[in-house]
Structures are given as structure tokens and as C-alpha cells.
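Below is one structure, written out as C-alpha cells; the observations come after it.
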Number of protein chains: 2
Amino acid sequence: MPKKTAPEARPSRPRRPTDRVAPRPPAAVSSPRRSAILALAAQLFAERGFQATTVRDIADAAGLLSGSLYHHFDSKESMVDELLASFLDDLLARCRGIAGQRLEPREALERMVEEAFDALPRHRAAIVVFQHDAAHLARFERFGYLKVCAQELEDLWVGVLRRGVDSGDLVCPEPELTYRFIRDAVWMSVHWYRLDGALTTRDLSRHYLRVLVEGLAPR
Amino acid sequence: MPKKTAPEARPSRPRRPTDRVAPRPPAAVSSPRRSAILALAAQLFAERGFQATTVRDIADAAGLLSGSLYHHFDSKESMVDELLASFLDDLLARCRGIAGQRLEPREALERMVEEAFDALPRHRAAIVVFQHDAAHLARFERFGYLKVCAQELEDLWVGVLRRGVDSGDLVCPEPELTYRFIRDAVWMSVHWYRLDGALTTRDLSRHYLRVLVEGLAPR
DNA sequence: GTCTATAAAGGGATAGAC
DNA sequence: GTCTATCCCTTTATAGAC
């Protein structure tokens, strides 16, 4: 995979007219075929990582030749861009909703955790890709929003934790550290949680909240 | 990066005499130069991911041309192999030591968490690479040991948790789930923990143990 | 909307001179 | 132990026929 050309905002080859200037005139902005291809690409990105997935892999999965993909998408980057942006849009909207309701802090904490596990089945591939490839992608201008969104999420979470500390509802010495602790534990479950297993995402959120809120020491 | 040839146990090109049959006669098995190159490679793997790091990147960092790398190492794979194997050897030895001491379960839990944070500065690059690339590498025969080691680690941890439940020292409804919870929260910190920051790894382990053992609800 | 064919560049790895 | 030079393959992406 061409490390220097593929996921770069400014390709090193001479700029061509189609280089992300317009949404590529002939490509329908949205179609069932397009969505299906994106879903397949998302699955492959999640399984192998963005960089290890070639456009030929995607084309194979969709029953096309690689060149035909470019009728639907500008580039491999565009696909991962759409995938991540729509995930973050959805997640942020929901978290803003919860944080904005001014629930009791402990209730808000629970709702935030439940929300994350709830998103697992809907955004499985995007979550995996975000965890695996966001750090790399975020180095390119086009993906700058990844950092912005992550920061807003952190702010929403830390706000909830702080309110809990202020009200005496939660004991949490370092809200930023605690946020990372929760975030990492919760989102990493996407790597091993099986939709077809015995556990529902509700079971998972209940278990994680129990450990998180009650702790491992007997009360 | 040639997806099908690079990290594969059986390259698709015709098998050549040097294909991992012997440790490549002329290459010194260990030398300061070799170690220095491996350290540089490890850093690059951690920063960009194994696949996104080219042998030319590594050679540049070492002040060599790419061809010269092959005097020291068989392949890019061999480098990541050495990196991961030596990390896992060290970590497993220490965890076996702790688990084998038959400490009080709560004490053992604390020692295991401290051990993990302790390994952070020593094995920073390897931990990042393990998290980022192990799933992909483990699909190839050569890296089968990654799964074996991960399983042994899980067994050691779950053993400690189970003993805690049996003795009433810990409340932990699902030891496997709890292990994953702890593992993911602890090891993910490698992505944001800064050695040169205000927090020592000891601070980190204390904070995480507090949340984990005492919980966020006031006692 | 898909295919054929191919461009342009980068990838891992090798051989042999020095 | 490093360099020169290069092989051979894969990659993303394009152009134009159908």
C-alpha cells in the first residue's frame, strides 16, 4: 500500500481535476448499490484494517472489478471518511442529548455507558476502524474532525463526572483519567463482543456499570 | 504494502533458500547495531503501525539503505516477531511469578495491575504494536504464539479473580468479563500516557486500582 | 454501471561490488 | 557492514469501450 499517497490529503502526484474538488459529477450521491458497497468495505476495514484492505478486496467482495468502484467513490479514503463521519455524527448527537438533559450525574453516567454499548451493534465496523485507524488518519487534514469529535466526547463525559463529584454522587479523583478508563474499557469490547453470543449489550453494560460503580471489593 | 506476501507464513512467490529455513548464516545473531535498528523499527511500528511502516522508513531512520537492513534481519516480519516475542516472554514470566506466589487474591490483583503499568515504559512500542497489529499478524502460522500467550495471560488473571471470589475477598460476577474490562482499560493507557508528563506509572496504577476496587459510588 | 487495459508509483527483497 | 542497482509484485487510480 503506497504509504505516502493513499491516505493523504495532498497526494504527492500532480493534482488532477477529480482530486476531491467536486463530488465527482457522474457518481450518484446515494444509491442502494453504493450503500451496499460501503457496508462491505466497512466490514473489510474492520477485519483487516484500513491500510491492509485494498480496493481490489473491496471490489471482489462486491463482485466488481476494482476500476468500477471509482464510479461510486472518489477513493478508498472517501469510503472510510463516510464510515467514520456518520458514526461520529450519530454518537455525538446522542451523547449531547444525554448530557444536555441535566439528569442526576449517576443516572447520566449510566445512560452514557448504555448508549455506548447500544451503539455497538449499529456501528460495529466503524467503532473498530475508529479505534484501529483514527490515530493514523487524523494526521491528514481531511480527517482533522476525528480529533475534534473525540475532544467533544471527552468534554461531555468529563462534564458528567465533574457534576457527580460536585454533588457528592460520585467519588472520582481525576475525572479525565476516569473518563479514559471507562472509554477504553467500554469501546474495546467491540473487539471480542459477539452479537450472536449469549450476552446482550444490555448484559454487558450492566456488568461494566456494576464493576465501575460498586467496585470489586465487597461492600 | 503487498498484503499477500509481506506478513504471510507462506509467501506466494517461489520459495527461496532464505525463506525462514535457517537464521540466515551471515547475520550476527545479536549485535549492538542490530539492537539499535530493532529499537528504531519498533518505534516506527508503534507510530505508524506495522503495515504502514516500510523497510525504507526503517532504513532511513537507521541511516542505511533498505538493502542493508537484510544483513541484520531476514525480513520486516522478523523484526516485529522479535519485538513481540521478547515483550511477551518478559510479561508472562512476571505474571507467572505473581500468580504462582499464592498471595491473597486482592494483593495479587494489585500486583498484576502494577506489573502491567510497570511494563509500560520498558515495552512501550511492543505494547502498542501488540494492540494494533497482533490480531492481523496472528492469522499467520508464524505468529500463532500471540494467541497462545494471550490465552495464558487470561488464565493467570482469571485464576486470581476466581480465587478472590471463592475467598470472599472480591465481588466479581463474571471473572472473564472482568478480566477483559481490566485488561483493556489498563493496556490502552499506553496510547495516551506520557513518560515525561506529571503522572508516574505508579500514580496511574493507584488511580486505576482505586476506581476498580472501590468503585465510583461513595462508600 | 461495469469491464478492459494500463499508467505511475511504491512495496519487500536480492545479488554482488566494495 | 554498507551501497548500487534492480527484480518482481502490488497498489491506487484513470481512460475509454461497451
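By convention in this document, chain letters (A, B, ...) are assigned in the order of the sequence lines, proteins followed by strands, and residues within each chain are numbered from 1.
As rounded to whole Å, 11 Å separates atom C1' of dT12(D) from atom CZ of Phe50(A). Following rounding to the nearest Å, Ile58(A) (CD1) and dA13(D) (P) show an atom-to-atom distance of 10 Å. Following rounding to the nearest Å, His72(B) (NE2) and dG1(D) (P) show an atom-to-atom distance of 7 Å. As rounded to whole Å, 13 Å separates atom C1' of dC3(C) from atom CG of Leu69(A). Across the protein-nucleic acid pair, Tyr70(A) atom OH and dT12(D) atom P stand 6 Å apart, rounded to whole Å. Across the protein-nucleic acid pair, Leu65(B) atom CG and dT6(D) atom P stand 14 Å apart, rounded to whole Å. In this structure, Asp60(B) atom CG and dG10(C) atom P are separated by 13 Å, rounded to whole Å. Between Glu77(B) atom CD and dA13(C) atom P the separation is 7 Å, expressed in whole Å.
Within the 4.0 Å cut-off from OP1 or OP2 of dT2(C), not a single side-chain nitrogen or oxygen of His71(A) is found. A close approach under 4.0 Å does occur between a side-chain nitrogen or oxygen of Ser68(A) and OP1 or OP2 of dC3(C).
One distance of note links NZ of Lys76(B) with OG of Ser78(B); it measures 12.0 Å at 0.5 Å rounding.
Backbone-only engagement by Leu64(A) is indicated by non-hydrogen atom pairs under 4.0 Å involving sugar-phosphate atoms exclusively. Looking at heavy-atom distances under 4.0 Å, Arg33(B) makes contact with sugar-phosphate atoms alone, never a base.
Nearest nucleotide to the Lys76(B) side chain, out of dC3(C), dC3(D), dG12(C): dG12(C).
Ring orientation note: the planes of Phe181(B) and Tyr208(A) are nearly perpendicular, at an angle over 60° on the 30°/60° scale. Note: Tyr179(A) and Trp157(A) have tilted aromatic rings, judged against thresholds of 30 and 60 degrees for the angle between ring planes. Using bins of under 30°, 30° to 60° and over 60° for the plane-to-plane angle, the ring pair Phe87(A)/Trp187(A) lands in the perpendicular bin.
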